[in-house]
Amino acid sequence: MTTNQHWYNLPSDNKGFIFTLDAFIASLIFLTTLLFTTYAVSQAAEFKTTNIYLIATASDALAALDNTNVLETLNATLIQNQTITTLPPYYGYKLTISRSSGPALELGEEVPTGTFIGSATRYFKTPTDYGQARMRIWLKA
Amino acid sequence: MAKGMIISILFFFLSALLLTLGIYVLTTAHQTELRTQEIGTLMRTADLDASIQKAIRDTFTSSSGMTFIVNATTFTIIEPFPNTNLINNSLNALKQHVQTTEPSIVFNLANITRLRLTPYDYFYTKAFENATLLNLTPTSTNYNSYTFTFTTSNYPVGTITFLDSDAGSFNILIVSKNSTTETRSNRSVNILTPLEAEIAGINGGKIEIDIVNQSVGIKNTLNLTILSNISITFFNTTAQQPHVELSPIYTIFFQEFNLTKTPYITLTT
């Protein structure tokens, strides 16, 4: 093969190289696309479902506190015990209660970073004013 | 050469197909994320709605002075008349608290005196804010009797007089009583024609009952608070659980999903 020879004039015994290169590039594109699609499918199918489940669990836990009238007692120990009983042990939680004319209340652990936090909010009546409770939960590592 | 070209073209189409699949999966992932956000917003809306309804229900229980007795066909509503309980202040405090912490909710307390008896679609307008007029507004003729009972502690029980009524099959019973005495008068009337009745008081004061086009107006000019007990009996035409609702007083609106909810508020379960 001379240096000024065009690729399409390659001798027939070198054409296999082009074919192999072509097949290699095609395989590369194929594999990249396959990996990308697999990743995208796993993200779409699993991650989001877990998020919804976390939000639903936060909502249910808070509803349980509200509907059993535990929330309106503003009794930190009672609320904490009820929350621990309601939530599965592998969940971390933080419950923040603010009031229209009373002191705020914070229960639970510090909210971690880098993980999805499911949250729910409810309003409720206390014996003297109104409150807003915000439950944030996450999966413990 | 032709064979290699065919293989190259096949690979090209295979790659194009996979790329299309990749784009499709990306679009699906994006749509899934949108649906997730929508589900999250719906759950948030349901939480906010359910909890505010419960807060309003609790407020009514503690601050309205009203009692509701509901069974399959009979609704009984008992309240002071005029009702001087300051439920407006309580609901206004709830409004302020919610609106300052949740911008997607807007309250309008104009309808807090309007109750709906469900599923009969019958409206009872309360006598809050010292109002001496109480209204009952049916939307159809699916009811067959009224019992109006007015109780005072030691005010003289007056005579009950039907001033104007046509005979029919609708039963009206009016009861006036104090702690020791009771007087009652009942009549079968045509509810579709005007009716007027009154309970005499002293110094020209009285309780007046006027029915025009089925709409009932009850006026208290006795210059004292009485206990009003009104029972309405309906024809049993539905299997739906009867309950008392408050007309909508708030709207939940999430602009990003054009989601609006302006619910009736269940006061009895």
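To find a chain, count down the sequence lines: A is the first, B the second, and so on, and within it residues start at 1. Just so it is clear, the structure is predicted and the values come from calculations on it, not from any experiment. As a basis for the values below, the full set of heavy atoms in this structure was taken, side chains included, without hydrogen atoms, waters or symmetry mates.
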Exam field: side chain [X] to backbone [Y], donor-acceptor pair closer than 3.5 Å:
| X | Y | result |
| --- | --- | --- |
| B:Glu245 | B:Leu115 | no |
| B:Gln53 | B:Tyr264 | yes |
| A:Ser100 | A:Tyr130 | yes |

Contact class of [X] relative to chain A, heavy atoms under 4.5 angstrom:
| X | result |
| --- | --- |
| B:Ile56 | neither |
| B:Ser62 | side chain |
| B:Ala46 | neither |
| B:Ile39 | side chain |
| B:Leu14 | side chain |
| B:Gln31 | neither |

- Query: Counting only heavy atoms not in B:Tyr24, do more than 12 fall under 6.0 Å of its OH?
  - Reply: no
- Query: How about B:Glu256: does its CD atom have over 12 heavy atoms from other parts shown lying under 6.0 Å from it?
  - Reply: yes
- Message: Over 60° means perpendicular and under 30° means parallel, so tell me whether B:His97 and A:Tyr123 are parallel, tilted or perpendicular.
- Response: perpendicular
Chain B heavy atoms under 4.5 Å from [X]: which part of the residue, side chain, backbone, both or neither?
| X | result |
| --- | --- |
| A:Ala133 | neither |
| A:Asp66 | both |
| A:Asn67 | both |

- Determine whether B:Ser231 and B:Phe75 make a side-chain contact, defined as any pair of heavy atoms from C-beta on separated by less than 4.5 Å. no
- Among B:Leu94, B:Leu48, B:Asp58, residue most engaged with chain A (heavy-atom pairs, under 4.5 Å): B:Leu94
- Using a cut-off of under 4.5 Å on heavy-atom pairs, state which of B:Ser90, B:Ala50, B:Gly40 scores highest against chain A. B:Ser90
- Task: Locate the shortest heavy-atom distance separating B:Pro242 from B:Pro119; write the atom from each residue and the value.
- Result: CA-CD, 3.8 Å
